[in-house]
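One structure below.
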Amino acid sequence: MVVKRRYDSSRRQEQARQTRRAILEAAGRLFVDPGYAATPLTAVAVEAGVAVQTLYAVFGSKRQLLSQLVDVTLAGDDEPVALPDRPFVAEIRALTDPRAKLARYARHLAEVNARQAQVMLALAGAATADPDVAEIWRKNVDDRRRGMAMFAAELVGTGGVRPDLGADQVADILWLAQDVRNFDWLVRQRGWATEQYQRWYVDTVSGAIIASVK
């Protein structure tokens, strides 16, 4: 009986996780088209194949659903692992050359933007009319800036950054260059290959912050 209870518990947890993913995937589609404001939670429930009561039980509110959708889209999964603890961060830290660090981050950034562009652009649009969405958008902007402050410190620590730039200025440059709208313009609208976008990022940021070798 103990084994059976463990098995049932494990199965229920997996079912709950699948339900949560189905709802997030449905929200990701509908919040992009027809859009956040035009999508009631009943429509998300129908799209996900669940009862609307289930949706409320899992997420509580439309705002919370959007917030968690943004988090999962950014991370790429729903694992409880903070971004600073992800493997790509350790790989960047292990590199000693600032341009090499930027190149590794560019690969990560391209993967993230390919995954999040539609959702984040929809979020930015909805933020102009909905205070709850605006709050989520601002949190994302602030989180990105904090992340780039950490990356800036990492780059400054190599000794290869221009001496006339402070850590805050480096963070601002990184923050600007990583904006999803750059990816949208270059890759999604202008048709650049992902590799071209990565080279653009590395060349642009390197040119702006890395000290020239005399």
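No experiment lies behind these values; they were computed from the predicted model shown. The basis for the numbers below is simple: all heavy atoms, side chains too, and nothing from hydrogens, waters or symmetry mates.
In this structure, F59 has no ring pair (Phe, Tyr, Trp, His ring centres under 6.0 Å) partners at least two apart in sequence or on a different chain. The salt bridge (Lys or Arg N to Asp or Glu O under 4.0 Å) test applied to D97 returns no partner, not counting sequence neighbours. Partners of D168 under the side-chain hydrogen bond (donor to acceptor under 3.5 Å, both in side chains) rule, at least two apart in sequence or in another chain, do not exist in this structure. Considering only residues two or more places apart in sequence or on other chains, E25 meets the salt bridge (Lys or Arg N to Asp or Glu O under 4.0 Å) condition with none of them. K101 is linked by a salt bridge (Lys or Arg N to Asp or Glu O under 4.0 Å) to E154, counting only residues two or more places apart in sequence or in another chain. Not counting sequence neighbours, W175 has no partner by the side-chain hydrogen bond (donor to acceptor under 3.5 Å, both in side chains) test. Considering only residues two or more places apart in sequence or on other chains, F88 meets the ring pair (Phe, Tyr, Trp, His ring centres under 6.0 Å) condition with H108. For Q53, there are no side-chain hydrogen bond (donor to acceptor under 3.5 Å, both in side chains) partners two or more places apart in sequence or in a different chain. In this structure, the side chain to side chain contact (heavy atoms under 4.5 Å, CB included) partners of Q118, at least two apart in sequence or on a different chain, are V32, R188.
When only modelled atom types and interatomic distance are considered, Q178 and R144 share a side-chain donor-acceptor pair under 3.5 Å. Remark: the Y197 side chain and the N182 side chain contain no N/O donor-acceptor pair separated by less than 3.5 Å.
The salt bridge (Lys or Arg N to Asp or Glu O under 4.0 Å) contacts involving residues 193-212 comprise R99-D203, where partners must be two or more places apart or lie in separate chains. The list of ring-ring contact (aromatic ring centres under 6.0 Å, His included) pairs with a residue in residues 112-171, not counting sequence neighbours, reads Y105-F151. Within the structure, every pair that satisfies the salt bridge (Lys or Arg N to Asp or Glu O under 4.0 Å) test and touches residues 29-53, not counting sequence neighbours, is listed here: R29-E47.
T128 contributes a side-chain N or O that, together with a main-chain N or O of G125, makes up a donor-acceptor pair within less than 3.5 Å. In this structure a side-chain-to-backbone donor-acceptor pair under 3.5 Å is missing from S67 to R63. Checked by atom type and distance alone, the side chain of Q196 pairs as donor or acceptor with a backbone atom of A193 at under 3.5 Å. Checking side-chain atoms of T158 against main-chain N and O of T96 turns up no donor-acceptor pair under 3.5 Å. Judged purely by atom type and a 3.5 angstrom limit, T54 has no side-chain atom pairing as donor or acceptor with the backbone of V50.
Contact of the R17 side chain with the R12 side chain is not registered, since no non-hydrogen atoms from C-beta on lie closer than 4.5 Å. Side chains of L65 and L24 form a contact here, defined as non-hydrogen atoms less than 4.5 Å apart.
With rounding to the nearest 0.5 Å, the separation of CZ in R86 from CD in E91 is 13.0 Å. The structure places OG1 of T73 at 10.0 Å from CG of L123, a figure rounded to the nearest 0.5 Å. Going from atom CD of Q116 over to atom CG of L121 covers 8.5 Å, rounded to the nearest 0.5 Å.
Under a hydrophobic-cluster definition in which Ile, Leu, Val, Met, Phe, Trp and Tyr are linked whenever side-chain heavy atoms come within less than 4.5 Å, directly or via other members, L95 and L102 are assigned to different clusters. When hydrophobic clusters are built by joining Ile, Leu, Val, Met, Phe, Trp and Tyr residues whose side-chain heavy atoms come closer than 4.5 Å, directly or via intermediates, V141 is grouped together with M120.
A cation-pi arrangement is present between K62 and Y36 under the rule of less than 6.0 angstrom and at most 45 degrees off the ring axis.
Checked for salt-bridge contact, D172 and R145 meet the test: a charged N lies under 4.0 Å from a carboxylate O. Contact check on D143 versus R146 returns a salt bridge, with a Lys/Arg side-chain nitrogen under 4.0 Å from an Asp/Glu carboxylate oxygen.
Listed here is the closest heavy atom pair of V133 and A127: CG1-N, 3.6 Å.
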